[in-house]
Amino acid sequence: FCTGCHEMRDTVYAEFRGTIHDRNRTGVRASCGDCHVPRDWLHKLARKVHSTNEIYHALAGTIDTPAKFEAQRLALATRVWDDLKASNSRESRNCHAFEAMDPGRQQEFARMAHQDAPANGQTCIDCHKGIAHALPRE
């Protein structure tokens, strides 16, 4: 569904291809929904309702060309980042829980950041913007 419109297929999905979430050494692959659609019913329903706004803008032509999409990229990304922050990166934590991490296998900077993040009120998205999609130029 997510790549049914060219706005997603030709922009964020094309960027996603080849990233660590699409291809990695273990063969694990995340799909759009793994990161952008909650698993539990209540939050999933809320996300589906919220996505009607995205469908409206695709149909209305607000983001129907790469140039228009780029012009809106910061606003679109900020909305996603704010949602992830508000949910404590719920969808990221489905795969990346702090308590499941092996600090001994992390580089020192990552180990320290992951240790300190909960106490500092940080969640995954605070440090991992642009991990699967291009960052806005702004």
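We number each residue from 1, following the sequence as shown.
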Self-check item: Smallest separation among heavy atoms of Asn24 and Val28, with atom names
Solution: ND2-O, 2.7 Å

Practice problem: Salt-bridge test for Lys85 and Glu91: reply yes if a basic N is under 4.0 Å from a carboxylate O, no otherwise. | Solution: no

Exercise. Report the distance from atom CG of Leu74 to atom OG1 of Thr78, rounding to the nearest 0.5 Å.
Key: 4.0 Å

Exercise. Could you list who else is in Val49's hydrophobic cluster, with ILVMFWY side chains joined at under 4.5 Å, directly or through other members?
Key: none

Quiz prompt | Within 6.0 Å of CE in Met101, more than 12 heavy atoms from elsewhere | solution = yes

Self-check item: Gap between atom SG of Cys32 and atom NE2 of His21 - 0.5 Å precision
Solution: 12.0 Å

Quiz item: If we only count heavy atoms from C-beta on, is the Arg73 to Leu76 side-chain gap below 4.5 Å?
Solution: no

Quiz item: At what distance, to the nearest 0.5 angstrom, does CD of Glu99 lie from NE2 of His114?
Solution: 12.0 Å

Practice problem: Check the angle between the aromatic planes of Phe16 and His133 and answer parallel, tilted or perpendicular using the 30° and 60° thresholds. | Solution: tilted

Self-check item: Main-chain N/O of Lys48 paired to Ser51 side chain as donor or acceptor, under 3.5 Å
Solution: yes

Quiz item: If you group Ile, Leu, Val, Met, Phe, Trp and Tyr whenever their side-chain heavy atoms sit less than 4.5 Å apart, what else falls in with Val80?
Solution: Trp81, Leu84, Ile125, Leu135

Quiz item: Under 3.5 Å, is there a donor-acceptor pair between the Asp22 and Thr19 side chains?
Solution: no

Quiz item: Have Ser87 and Arg93 got a donor and an acceptor in their side chains that come within less than 3.5 Å?
Solution: no

Self-check item: Atom CZ of Arg29: over 12 foreign heavy atoms under 6.0 Å
Solution: yes

Quiz prompt | Ile63 side, atom CD1; Thr11 side, atom OG1 - distance, nearest 0.5 Å | solution = 7.5 Å

Quiz prompt | Non-hydrogen side-chain atoms of Gln72 and His57 separated by less than 4.5 Å | solution = no

Exercise. Check the surroundings of atom CZ in Arg17: do more than 12 heavy atoms from other residues, nucleotides or ligands lie under 6.0 Å from it?
Key: yes

Exercise. With rounding to the nearest 0.5 Å, note down the distance linking CG in Asp34 to CZ in Arg39.
Key: 6.5 Å

Practice problem: Verify the neighbour count for atom NZ of Lys68: are there more than 12 heavy atoms of other residues, nucleotides or ligands below 6.0 Å? | Solution: yes

Quiz prompt | side-chain contact (heavy atoms from CB on, under 4.5 Å) assessment of Arg90 paired with His43 | solution = CA-CA 10 Å; Arg90 177 185 45 240; His43 292 108; 3.4 Å; yes

Quiz item: Can any side-chain N or O of Arg47 pair as donor or acceptor with the backbone N or O of Val37 at less than 3.5 Å?
Solution: no

Quiz item: Within the side chain of Asp126, is there an N or O that forms a donor-acceptor pair under 3.5 Å with the backbone of Thr123?
Solution: yes

Practice problem: Taking His128 for its side chain and Cys124 for its backbone only, find out whether a donor-acceptor pair lies under 3.5 Å. | Solution: no

Exercise. Among Ile, Leu, Val, Met, Phe, Trp and Tyr joined by side-chain contacts under 4.5 Å, find the other residues sharing a cluster with Leu45 and list them by chain and number.
Key: Trp41, Leu42

Practice problem: Go through His50 and Arg79 one step at a time and tell me if the side-chain contact (heavy atoms from CB on, under 4.5 Å) criterion holds. | Solution: CA-CA 11 Å; His50 182 75; Arg79 191 172 305 127; 3.8 Å; yes

